[in-house]
Structure formats: C-alpha cells, structure tokens
Amino acid sequence: MSAPYNHIEIETKWRKKWEENPINVNDGKKPKYYCLDMFPYPSGAGLHVGHWRGYVISDVWARYKMMDGNHYVIHPMGWDAFGLPAENYAIQTGQHPSISTAANISNIKKQIDQIGAIRDWDMELNTTDPEFYRWTQWIFVQMFKKGLAYEKEMPLNWCPRCKAVLANEEVVDGKCERCGSETTKKNLRQWMLKITAYADRLLEGLNGLEWPEKVKKMQTDWIGRSYGAEVQFPVEGSDEKITVYTTRPDTLHGATFMVLAPEHELVSKLTTPEQKEAVEAYCAMAANKSSVDRVQNKEKTGVFTGTCAINPLNGAKVPVWISDYVLADYGTGAIMCVPAHDDRDFAFAKKFDLPIVQVIAKDGVEIPDMQEAYTEASGTVINSGEWNGMESSVLKQEAPAMIEKMGIGKKTVNYKLRDWVFSRQRYWGEPIPIIHCEKCGAVPVPEDQLPVLLPDVESYQPTDTGESPLAAIDEWVNTTCPCCGGPAKRETNTMPQWAGSSWYFLRYVDVKNREALVSREKADKYLPVDMYIGGVEHAVLHLLYSRFYTKFLHDIGAIDFDEPFRRLFNQGMILGPKGVKMSKSLGNVVSPDDMVRDYGCDSLRIYELFIGPPQQDSAWDERGIDGVNRFLNKFWNTAVVSIENKTEATPEMIRLRHKLISDITMRLDQFALNTAVSKFMEYNNQMQKIAQECGGVDLETVGTYVTLLAPFAPHICEELWERLGHTDSVFHEKWPEADKSLAADDVREIPVQLNGKTKAVISISAEASREEALEEGRKAVASRLEGMKIVKEIVVPGKIINFVIRK
RNA sequence: GCCGGUGUGGCGGAAUUGGCAGACGCAAGGGACUUAAAAUCCCUCGGGGGCAACUUCGUGUCGGUUCGAGUCCGACCACCGGCACCA
C-alpha cells in the first residue's frame, strides 16, 4: 500500500508550472522583503552540499516571508566573477578567464536551479559585465573626487605566490588569506581607499544592526579605536622632537626610555656616529624579516641610537632605542616606555638593563623586586611630582587634557584600522579608471567614457615585478590626457576582488539601468537588504568594505540609507564525513547532484536543514538523508489516504493542527530550522497513528500541515495542495495562525515528585485547582508517603507537583 | 596571552529558558510480511543491580544556591574559533 512518492515526476511538473506562472510576483502594492545570499564566485569545482545549505536556508526564509505578511520577496543571484580564484583557475586550465568563467557560471547556474529556490533570473548580475563594472569604476571616480582614493608609495604586504599586494584584511598570521604563502613587504606605489575616514561611523553603525554579536565584535576589534594622548619629547642637544602616542598618559613620569620603529623617519638623524653601524645593521635585518617572523618571534631585540630625549614632564634624560616591536604604521611609530606598567616595555628593559620606575602603587604600596609589569590602571599615583596621590584610573581620563594645557602634547584617538590597499597587479579585475599625465598628474577617466574596458591580452600571467600584465599592452596604456590632451598613460593596476562585491546588492533591483548604479526611486523602494545569509569568513572583509561603500554612497546622495544589511545570518559549514573541511585535495567533497537525482530536491533540502543547527558546523553523513526521505514518503502516504477518505475532524486533530502551527512558526522565527523539521516528523508520526485508527486525518489539518511544510519542501507540498482541490499555489496561502485555546490540552500529564525526584505521572484536567492537583498527587504516591511527614507542597500548574518529605 | 563559543547515549542532536534528561533522526539488535531479498510495519536500545513490580548512578570536573539544576552562581579542565608586540 505505501509506495514511495515519485519525486522526479512531481518536481519536474512543478518546476515547469512555476516557470510558466511565477509565484513571487511584484504587483507594486505588496511590501518588499529583500533576502540575499552572498553571491558565489563561479569556481570550476561547482557547488557542494555546503553551498547548498546556505541557499536552502535562505530560500526557506524567503518563502516563509512571502507567505507570512504577503511580501514581494527579492531573492536574487549573481556572480562574483572577477578576482584571483577565477584567474588562477583559468591559468591552470589554460583558457582565457572570460571563457572559463562563463562555462563555470552556466554549470553552477544549473546546480542552483536544482535547489528549487524562488529566483528571479531577470535580476542576475555578473561583476565582470562591463555594464556592471562601469559603475564599480564610477564609484572609484567619485571617491577620487572626494579625496578618498589616493596614491601612496609605502611598504606593502606582498604575496609571492599570488604575485600581488594584499590588504591588511587579507593577511592572516603573516600569511596570504587565500593561498597560505608567507607574505613579505614590498615598497610599491599603490592606490588606497581612505576607509579610516569612516572609522567612527563604521563603529557606531554596528549598534543598530541585527547581526551576530561575534561579527560585530570582530569588526569592533578590527577598527580598534583607542583614546589617549600624543606627547612630544624634545631630543637632547637638537631642535627635533619625538612624538609618541600613548593610552596611558597617567604613567608619563615612569617613562625611562623610548623606542622608535626601525622605519621611523628620525632614525638616521638621531643615530650617533658610534652607533651608526649597529643601527644600520639592525634596520636592515628588520626589513628582511618576514611578516611571520615578526609576528611570531616575540623575543625582544633592539639597538641604542646613542641619543637621549627629555621627558617633558620631569626633565629626565631618556635614551632612545630602536626595536621592531614598535610598528611604523600605528600611532606615530614611536613610543615612550614605562617598563613598570607595560609588559612589553618591561621585557625590553629587563633584556637591556634599563631603569624601571614605578608610578602606580598597587594597594598603596610600591612592589618590591618587581618580576612583571603592573598593567592595571588602578592604584595611587607615586613618584610623579604634582600628580602624586591621585587615583590612576582618574588620572588616565584627565591626563590628556592636562598635557594639552601644558603644551607638551594633545588628546588623541587612534585606530588599528588602516586605509585599504586597493590595487592589484593582476589581469582579471576592473581596470582602475585613472590616466597619468606628466602635466596634470592623476586624472580620472571622464564619466561618459566609462567603463574602461579590460583589454584582451596575450599573456595574462602575473609578473614578479609588481607590474600588472596590462602594462605590457602599449597601445592600451598610451592614451591622451582628458585634461590637457597631451600624451598620457593609463593606470595598469586592477581592483581587488572585493570591489564588485562591495556594492552588488544595490544593483540587483535595477540591473539594467544605464543612467545610474541604481535609481533613487528603486533604491528607496526596495533597499536595503533585510536579511543577508552567508558564511562567517567575510566578517571583516566583504562585510566591512560593503558598509564603507554604502556609507560613502549615502554621503554623495546616491542612496538614503547608510547600512547595507539590516540582519545577518551566518550559516555553519558542512564538513566532510570525518568532521574536516571539505576540500578537493582531501577528496571529501560531496556533490548534491546524485542525491537530488536519487532522493529528490525536497529530501535533500530537508536533510540539509535537519543535519544540525543552521549556525553550527555539521559533518556530512550520507545515511542521514534516508531518514528524511522516509519521512516524506510517510507523510505523502498519510496525506493521500486522508484525501481519499475525507475523515471528519476530531478534537484531537484540531488540537494537533493548532499545536503544529504554533510550534513551527515559533521555530521559524527563532531560525531553529533543524528542530522545525523534528517537529514536522513528530506530528507526522502522530498523524500516521490517527490515520491508522480513523482512516485518515481531516483535510483542514492536512492542508495546514502542507502549508507549513511548503517553504521546506515546496514541490511535494504544491502537489498535495493541488490534490486537496486547490487551483492556486500553496505559496499564495496566508501563513496559518494558531488559536491558543484550541491548541491547549484539556488533560495534562504531570510528574509527581518526592524531594525533587519523579515517582509518578498523573493525568489531570488543565483547569484543576491547586487542591485538586495535590489530592491527585498524594493518591499517586500514597504508598511512599506512609510513615513520612510532608514538610512542603509545591504545585506549578500544568508543570509539576513536588512533595518535600521527611521521616 | 586576551576575547568569544562549545562540552549531553554508539553517532547527529532535543529539552517550551529552573520543572519527567536523551525529543526527532541515524546506526545496531530482535520480530512480522515474503520462496527469498528490498521496501514496509511492530518491539528493544545511557550505565550498574534485580526473575520481577522496581532500584541506583548519570548532561566535561569540583563546589554552591534551590523543593527541584543540562539550564543559575563560583573555581577549574578540554576542544574549537577570532585577535595577537596596536603602546
């Protein structure tokens, strides 16, 4: 009797119907809901079950929002096709990136279609499409005009394998975020974006976002705002001054030496002839150190310049040293050292035998024979002249203003965030729309000449010189200056992969616009993104850059909001069967294609959700899908039998219906999709039992179940909905509402405990009074109460009865 | 080192936020149907003890609060993730 349902027939049928009659239609009246996936880069490997999971989660959410609140759902898909992965794949396979990219897109698009998600392919976009990157370039030009894009020569992170510079965000533990190679420093002229100008707003904007706390914290730490003071130390026997940044101006009297970064501009000026050789050797060594060494080797090294400076507060002579534990590009590249109250300074002082002066007395007393720095800002200030006796935490707050008054420094705010290195020496990216003219300098390409097309090139292999392959195409490089008409050269660097992804979400709602990146009318109507779903790996890359772009576009009036993503959900990874990351090299990549064929899209969708909490990583277990498939078959059979037999509703069925609505809706709202599936299974087991007893379940209950399950398993639910006699799509059904009074059981099962341990379970009317409950409870455990004294009686209505007893 | 997160059966994981620990599913074992197999259906399934109704222990460890703790508090351990010489 119980044949498995024919998933191939049903899924084919409904795909075709939805294509002919789209279910998600914008009638201009419905409220919008923008549910966005992080768009993929079209790799040659195609999608694995991990990618699938994210898309299933977002589609369930999109369909739920479509039904609940009758939204027009914007749920588009596009291709992040520029950048190193696409280019490297092309080099490996010996084809032009445009060809391999197009082939990969068509393959992945087919795989994405298998998910059965609601997608409006009219909105499809591709970052390598000139009609798209014209606007990527346009944004750059606007930034240039506002002084936010600028050129600078400086030592930059260089990846020898990718043969390109990297942004700070792309260097992890001194290694290239993408390929894992150790990075080195290379002095190059590069384009920078002044993201630091938005540091405060990027920080404060986080407050209003419904994002995982973890991601907000990561961005907060990355921006790294700190408050303190800049203080000037005059150099002995010279007019020079050394400016330091400190967050602990309260310890200024304890500064017994200073350290400059090896790259600090005063190094050569301050070095005495006697120390010259040692200093130069040290600086050369520091320059050659790889980033990994510099990060990992914390043993302090350094060398004395031979010169002293004067502590501006107490006139003490402080020797000036050089060490690479001071970073050239943070603060002023120079620090005052208070070994008594800073771990690093303490280690340095111990190593080079420099004096240690305590200026904060912990609990009122100086620490004898100090073995480690006392770093807390709490205690009484000592050895500090007029500041003696103050509370250190108070002084820490007040010192910057006091220093400013004395004319020896000023109050300052500092950030860890650095400007964004924006140019790459690679072929497969958007050309930076700048022309270099000897007379006029860097001139932006006029807006009516955008896009600057990426030219065809014979060899797009990267070079080792730090020059882009584009530099070799003379006829492209040589041009005329838009300003003076004289001979000029094009900028040959391209933009990083992040350029297109920093704003693509704005474009979907107006992909064909040739006048603007998005019309104000459409932006106001459809943006920003309500729900953004993707992996956590972009916490400080894409998600920070997008926020920066959005704020900039807001400031120039292109859009009227300044945060792109109201809500963010990070789905966990699907790991290989042994709990390790899926990768081609480990050979543990699971493709969804065979499973869709064998079990159907609906089964795979539900298994992807059932495998574990959506925000958590889960290891793939190929056997798990059997259970889900069995569930759908059982449900199918119960529904089909019910439709045939048309059973009358019983109070039990009605109660089940309302409980189901409230259980599923609650879990959807909490994003607990795995337990939502469990609940469907649980209720299905109950319905199956009822059907065996009564010949079926009433059709209203079946219909409600089908409606609730539809976002999860759209094909099978549409089919059953039709068999229930409906002519319109189940997705045009209103999301059911539970009636609490109908969901409530009139008889409850309540545990009866003695001293907190359950000894019996009684069935009792929901309306029973405390006395009735106690009476029933006492009866249930009567034999155990003999010879005992009840000390206390606890009744929590509908939950528990507990007797505290004693001999 | 600092900041997060997690820790529950053979496995993935539940627990309405302090109220029957182990829902739901996988795997395993037993049975029914079948010539047989698959599919399906039924039963068992944390550990110890008992023929048995039952009993006892049990949510990383130790302690605390409470009538009652996986859940709250304190100390610790392990693993995972992020940051890491940012003055």
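Below, each value reflects all heavy atoms present in this structure, side chains not excepted, and no hydrogens, waters or symmetry copies. Labels below follow one simple rule: chain letters A, B, ... track the order of the sequence lines, proteins then strands, and each chain is numbered from 1.
- Listed candidates were B/rG82, B/rG13, B/rC24. Nearest to the side chain of A/Phe610 is B/rC24.
- Here B/rG29 is in the anti range [glycosidic angle more than 90° from 0].
- Taking a cutoff of 4.0 Å between a charged side-chain nitrogen and a carboxylate oxygen, A/Lys411 and A/Glu230 do not qualify as a salt bridge.
- If A/Val540 and A/Met666 are placed on RNA chain B by their nearest nucleotide, the residue sitting closer to the 5' end is A/Met666.
- Comparing B/rG12 with B/rG22, their C1' atoms sit 13 Å apart, to the nearest whole Å.
- One finds a salt bridge joining A/Asp329 and A/Arg418 here, because a Lys/Arg side-chain nitrogen approaches an Asp/Glu carboxylate oxygen to under 4.0 Å.
- RNA chain B lies under 4.0 Å from at least one heavy atom of each of the following residues of residues 672-684 of chain A: A/Asn674, A/Thr675, A/Ser678, A/Met681, A/Glu682.
- A straight line from CD1 of A/Ile322 to P of B/rA87 spans 22 Å, rounded to a whole angstrom.
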Just the atom pairs and distances: protein N or O near nucleotides 53-55 of chain B's N or O, under 3.5 Å.
unit_1	atom_1	unit_2	atom_2	d
B/rU55	OP1	A/Arg784	NH1	2.9
B/rU55	OP1	A/Arg784	NH2	3.0

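- Cation-pi geometry between A/Lys300 and A/Tyr325 is met: the NZ or CZ atom falls under 6.0 Å from the ring centre, inside 45° of the normal.
- Positionally, the nearest nucleotide of RNA chain B for A/Gly612 lies more toward the 5' end than for the other of A/Arg630 and A/Gly612.
- With rounding to whole Å, A/Gln616 atom CD is found 13 Å from B/rG81 atom C1'.
- Using a 4.0 Å cut-off between charged nitrogen and carboxylate oxygen, A/Glu608 and A/Arg605 do not count as a salt-bridge pair.
- In this entry the distance linking CG of A/Leu660 with P of B/rU16 reads 19 Å, nearest Å.
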